[in-house]
K.L.:
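Okay, handing you the structure first.
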Amino acid sequence: MAVLGTNVKGIRDLIEDGVNGILCNTDAESIRKGLARILTDRELSEKISKNARMDIVQNNGFEKIFSEEKSVLERLVGNTGLKK
């Protein structure tokens, strides 16, 4: 699903406008235009949806999160007792 996010710190760090979402300002008119862009441009909406899913899977999938958590634990306690 294509997402619409406001162009504020945190959100704009995750969404690249027109690539994995649509960024808009916080005023009602900008939000309306962003929603209209998603709802009227089917090709753009599908592209954004696919890119967003790929981004989530690559950067926030179970394997990646598990690997990062394991890395943190290994640094905290050393390699003893943690097997791959």
Side-chain angles (χ1 to χ4, degrees):
M1 177 174 286
V3 298
L4 176 70
T6 53
N7 191 7
V8 297
K9 188 176 179 171
I11 294 175
R12 71 173 161 249
D13 298 331
L14 298 173
I15 296 176
E16 186 176 348
D17 188 50
V19 177
N20 64 348
I22 299 292
L23 285 175
C24 64
N25 293 320
T26 57
D27 61 283
E29 182 61 16
S30 183
I31 293 168
R32 186 196 67 71
K33 285 180 180 178
L35 287 172
R37 193 172 163 201
I38 289 172
L39 295 173
T40 59
D41 190 338
R42 195 67 174 153
E43 188 176 318
L44 176 65
S45 183
E46 288 177 14
K47 179 187 99 171
I48 287 171
S49 296
K50 287 177 186 175
N51 289 341
R53 174 159 172 64
M54 187 172 30
D55 184 56
I56 292 296
V57 169
Q58 288 176 351
N59 297 312
N60 299 294
F62 175 78
E63 292 296 326
K64 174 141 178 143
I65 299 300
F66 177 79
S67 176
E68 290 175 1
E69 292 282 332
K70 183 175 175 270
S71 234
V72 168
L73 289 173
E74 286 173 340
R75 284 193 309 267
L76 289 173
V77 299
N79 255 343
T80 60
L82 294 177
K83 296 183 180 182
K84 291 185 177 185

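The structure presented is a predicted model; accordingly, all values stated were derived computationally and were not measured. Hydrogens, waters and symmetry mates play no part in the numbers below; they use all other heavy atoms, side chains included.
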K.L.:
Can you check whether Leu23's main-chain N or O pairs, donor with acceptor, with Asn7's side chain at less than 3.5 Å?
P.N.:
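Flag not set: sc Asn7 to bb Leu23 has no pair under 3.5 Å.
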K.L.:
Does one hydrophobic cluster hold both Ile11 and Ile31, with members joined at side-chain heavy-atom distances below 4.5 Å?
P.N.:
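No; Ile31 is not reachable from Ile11 via cluster members.
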K.L.:
Whether Glu68 and Lys64 form a salt bridge (side-chain N of Lys/Arg under 4.0 Å from carboxylate O of Asp/Glu) is what I want to check.
P.N.:
yes
K.L.:
Measuring from atom OG1 of Thr40 to atom CG of Leu35, what distance do you get when rounded to the nearest 0.5 angstrom?
P.N.:
10.5 Å
K.L.:
Other residues, nucleotides and ligands only: do more than 12 of their heavy atoms fall within 6.0 Å of CD on Glu69?
P.N.:
no
K.L.:
Can you find a pair of side-chain heavy atoms, one from Asn25 and one from Thr6, that are under 4.5 Å apart?
P.N.:
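Result no, sub-4.5 Å side-chain heavy-atom pair not found.
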K.L.:
Scan residues 19-35 for pairs that pass salt bridge (charged side-chain N to carboxylate O under 4.0 Å, His left out), counting only residues two or more places apart or in two chains.
P.N.:
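For residues 19-35: Glu29-Arg32.
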K.L.:
To the closest 0.5 Å, what do you measure between OG (Ser30) and CG (Leu4)?
P.N.:
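Spacing of OG (Ser30) from CG (Leu4) equals 8.0 Å.
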K.L.:
With a 4.0 Å cut-off on N to O distance, would you call Glu74 and Lys70 a salt bridge?
P.N.:
yes
K.L.:
Can you check whether Leu44 reaches Ile38 side chain to side chain, under 4.5 Å on heavy atoms?
P.N.:
no
K.L.:
Enter the distance from Asn20:CG to Leu14:CG here, rounded to the nearest 0.5 Å.
P.N.:
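That separation rounds to 8.0 Å.
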K.L.:
Donor-acceptor pair, distance only, cut-off 3.5 Å: does the side chain of Asp55 make one with the backbone of Ala52?
P.N.:
no
K.L.:
If I take atom CD from residue Glu43 and atom CD1 from residue Ile48, how far apart are they, to the nearest 0.5 angstrom?
P.N.:
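Output value for this atom pair is 11.0 Å.
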K.L.:
If you group Ile, Leu, Val, Met, Phe, Trp and Tyr by side-chain heavy-atom gaps below 4.5 Å, do Val3 and Val19 land in one group?
P.N.:
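Unlinked, Val3 and Val19 end up in two clusters.
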K.L.:
Within a reach of under 6.0 Å around CZ of Arg53, are more than 12 heavy atoms found that belong to other residues, nucleotides or ligands?
P.N.:
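No, not enclosed.
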K.L.:
As an exercise, state the distance from CE of Met54 to NZ of Lys50, rounded to the nearest 0.5 Å.
P.N.:
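Going from CE on Met54 over to NZ on Lys50, the span is 10.0 Å.
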K.L.:
For the pair Ser49 (side chain) and Ser45 (backbone), establish whether a donor and an acceptor sit closer than 3.5 Å, ignoring hydrogens and angles.
P.N.:
yes
